[in-house]
There are 2 protein chains.
Amino acid sequence: MTVATPRGDVDTPARGGRIRRQHEAAILAAAEQVFARAGFQGATMAEIALAAGLPKSNLHYYFGTKAEVYRAVLAHILRLWLAETDRINADADPREALAHYIEAKMRLTAEHPDASRVFANELLHGAPEIGDYLRNELRLLVADKAAVIEAWIAAGRMAPVDPVHLFISLWALTQTYADFETQVCAVLNRRSLGPADYRRATAHVLNLVLRGCGLASPIPEGESPCST
Amino acid sequence: MTVATPRGDVDTPARGGRIRRQHEAAILAAAEQVFARAGFQGATMAEIALAAGLPKSNLHYYFGTKAEVYRAVLAHILRLWLAETDRINADADPREALAHYIEAKMRLTAEHPDASRVFANELLHGAPEIGDYLRNELRLLVADKAAVIEAWIAAGRMAPVDPVHLFISLWALTQTYADFETQVCAVLNRRSLGPADYRRATAHVLNLVLRGCGLASPIPEGESPCST
DNA sequence: TGAAAACCTGACCATATGGTCAATTTTTTA
DNA sequence: TAAAAAATTGACCATATGGTCAGGTTTTCA
């Protein structure tokens, strides 16, 4: 339940010795992979143990239960997720700020697809673990940034767009490339998404959203043919 | 694997008597709910049976295995999903055609959130059952519609947008309201999404996408205050 | 260097759950 | 209406899996 806010108490490196820190990290990394592929119920401790290169009993030495591992993975992910809104503030240039946010989110998605998938899975199942976080920290953060966007709109610096729905859209547009990679690959006729694909996707989202917000896109689409 | 293309052979009503059709429908409906909430692994036959109002053994009379129930649910969903691209054809007006598609997808999402979630879950886990469908039927359908959009762009009837990525974006923008409803509710500070919320979401997506495609939005945002 | 703390792990258990089956009842149909 | 077909179901089983634990090994540190 209390998944521990980003700087919470679940996986804070501090307690335990050298070995503990190393092995916990290995377990977390393995667990992220496995949870991403199989979901909470589908993941087995045996599988995680195998991926981490440890006997199963050892997992239970570091994490009492599967749920504890899961919570630690989520806490780890939330820390990643929370940063990127810095540049969205009243003084900033709307186009630059939004572009930076989109690029950052897209990079995060490209570099941590498994994290995105674990998060997506948690949401899909009603966010039993991180519901509180969503309704508190995240809601307030979004309300804050929404006010900035409202101000930009009021000042005529961008087209009128519902700011909260805009955030929802940005999350959807970016994370879809990790969460639903299979579908994306299928329609793009690719085996998997490489850097070139992500560059193209980023250009597309920037193009669509910036123009959609009345902020002429500076990036002409279709840089390279992309044949990864 | 072969999940049966929309008019496939898994749940096609044809074989079996009156009772069979009724009970299969009840099971499918119950299963959709349960799979949406818990995913494939998380769902139990006992739970589905309970929701369907039948003893567990009876499920196994109609569907041999859990996987079979799951495949039937997916086949049922694919049939829903496949229709809505009709109006996207060379002769149509881009703005009207896209607006219609967005509205249709949004309605589908609002009316069948559980279906959307089962589908999302399947994708999230690598689409083991519907992968073939995605790589064949869906890919071809999208390639077809993408050509139409290319033609519109070439004719200067809309801004240059990567057509395949545009479809990916449209799916993401609409289905996020069902798949990640928990997160949406959290940041909107709602208990659940009502018709008014969906109206507002639709207006937002239309606004963003149409302007993003260089097709001035005819719908001014923020109709009613929406307090459901 | 020795003892305390941390770490490791194979064997084991309890439970949940998908699936089977044979005996029975209900429905269909000729 | 009789017999064949379809449908029903409680009891039961095999397996997978999360979790325990006692006894052993390694690391730390005064």
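Every chain is numbered from 1 and lettered A, B, ... according to where its sequence line falls, protein lines coming before strand lines. The figures here come from the full heavy-atom set of this structure, side chains too, leaving out hydrogens, waters and symmetry mates.
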Problem set entry | For atom CZ of A:F63 and atom C1' of D:dT20, their distance in whole Å | 18 Å

Problem set entry | By side-chain contact (heavy atoms from CB on, under 4.5 Å) - contacts of B:A31 (at least two apart) | B:F35, B:I48, B:V69, B:V73

Exercise. So does A:Y61 get a side-chain nitrogen or oxygen closer than 4.0 Å to the phosphate oxygens (OP1/OP2) of C:dC7?
Worked result: yes

Exercise. In chain order, what residues pass the side-chain contact (heavy atoms from CB on, under 4.5 Å) check against B:R107, with sequence neighbours excluded?
Worked result: B:E103, B:E111

For this session: Using whole Å, report how far CZ of A:R21 lies from C1' of C:dC7.
Result: 15 Å

Exercise. A:A43 near the nucleic acid: base, sugar-phosphate alone, or nothing, with a heavy-atom cut-off under 4.0 Å?
Worked result: sugar-phosphate

Exercise. Atom CG of B:N58 and atom P of D:dT9: how far apart are they, to the nearest Å?
Worked result: 6 Å

For this session: Whole angstrom is fine here: how far is it from NZ in B:K66 over to C1' in C:dT20?
Result: 17 Å

Exercise. Considering residues, nucleotides and ligands other than B:R139, do more than 12 of their heavy atoms fall under 6.0 Å from its CZ?
Worked result: yes

Problem set entry | Partners meeting salt bridge (charged side-chain N to carboxylate O under 4.0 Å, His left out) with A:R135 (sequence neighbours left out) | A:D132

For this session: Output, in order, the C-alpha distance, side-chain angles, deciding distance and verdict of side-chain contact (heavy atoms from CB on, under 4.5 Å) for B:F40 and B:H125.
Result: CA-CA 10 Å; B:F40 177 75; B:H125 293 23; over 6 Å; no

For this session: Decide yes or no, distance alone: a donor-acceptor N/O pair under 3.5 angstrom between the base of D:dG18 and the side-chain of A:K56.
Result: yes

For this session: Tell me whether the OP1 or OP2 atom of C:dC7 has a side-chain N or O from A:R20 closer than 4.0 Å.
Result: yes

Problem set entry | Listed partners of A:T176 passing side-chain contact (heavy atoms from CB on, under 4.5 Å), at least two apart | A:F180, B:I168, B:A172

Seminar exercise, completed: Picking from C:dG10, D:dA7, D:dG18, the nucleotide nearest the side-chain atoms of A:H60 would be D:dG18

Exercise. D:dA6 phosphate, OP1 or OP2: any side-chain N/O from B:H23 under 4.0 angstrom?
Worked result: no

Seminar exercise, completed: In B/S/- notation (B base, S sugar-phosphate only, - none; protein heavy atoms under 4.0 Å), nucleotides 21-30 of chain C written 5' to 3' is ------SS--

Problem set entry | Rounded distance in Å - CD (A:E68) to P (D:dG18) | 15 Å

Seminar exercise, completed: Separation of D:dG19 atom P from A:L54 atom CG, nearest Å, is 17 Å

Problem set entry | Selection residues 116-128 of chain B - residue pairs positive for salt bridge (charged side-chain N to carboxylate O under 4.0 Å, His left out), sequence neighbours left out | B:D114-B:R117, B:R117-B:E181

Problem set entry | Distance, rounded to the nearest Å, where A:L59 contributes CG and C:dC7 contributes C1' | 14 Å

Exercise. B:L50 CG to C:dG18 C1': how many Å, rounded?
Worked result: 17 Å

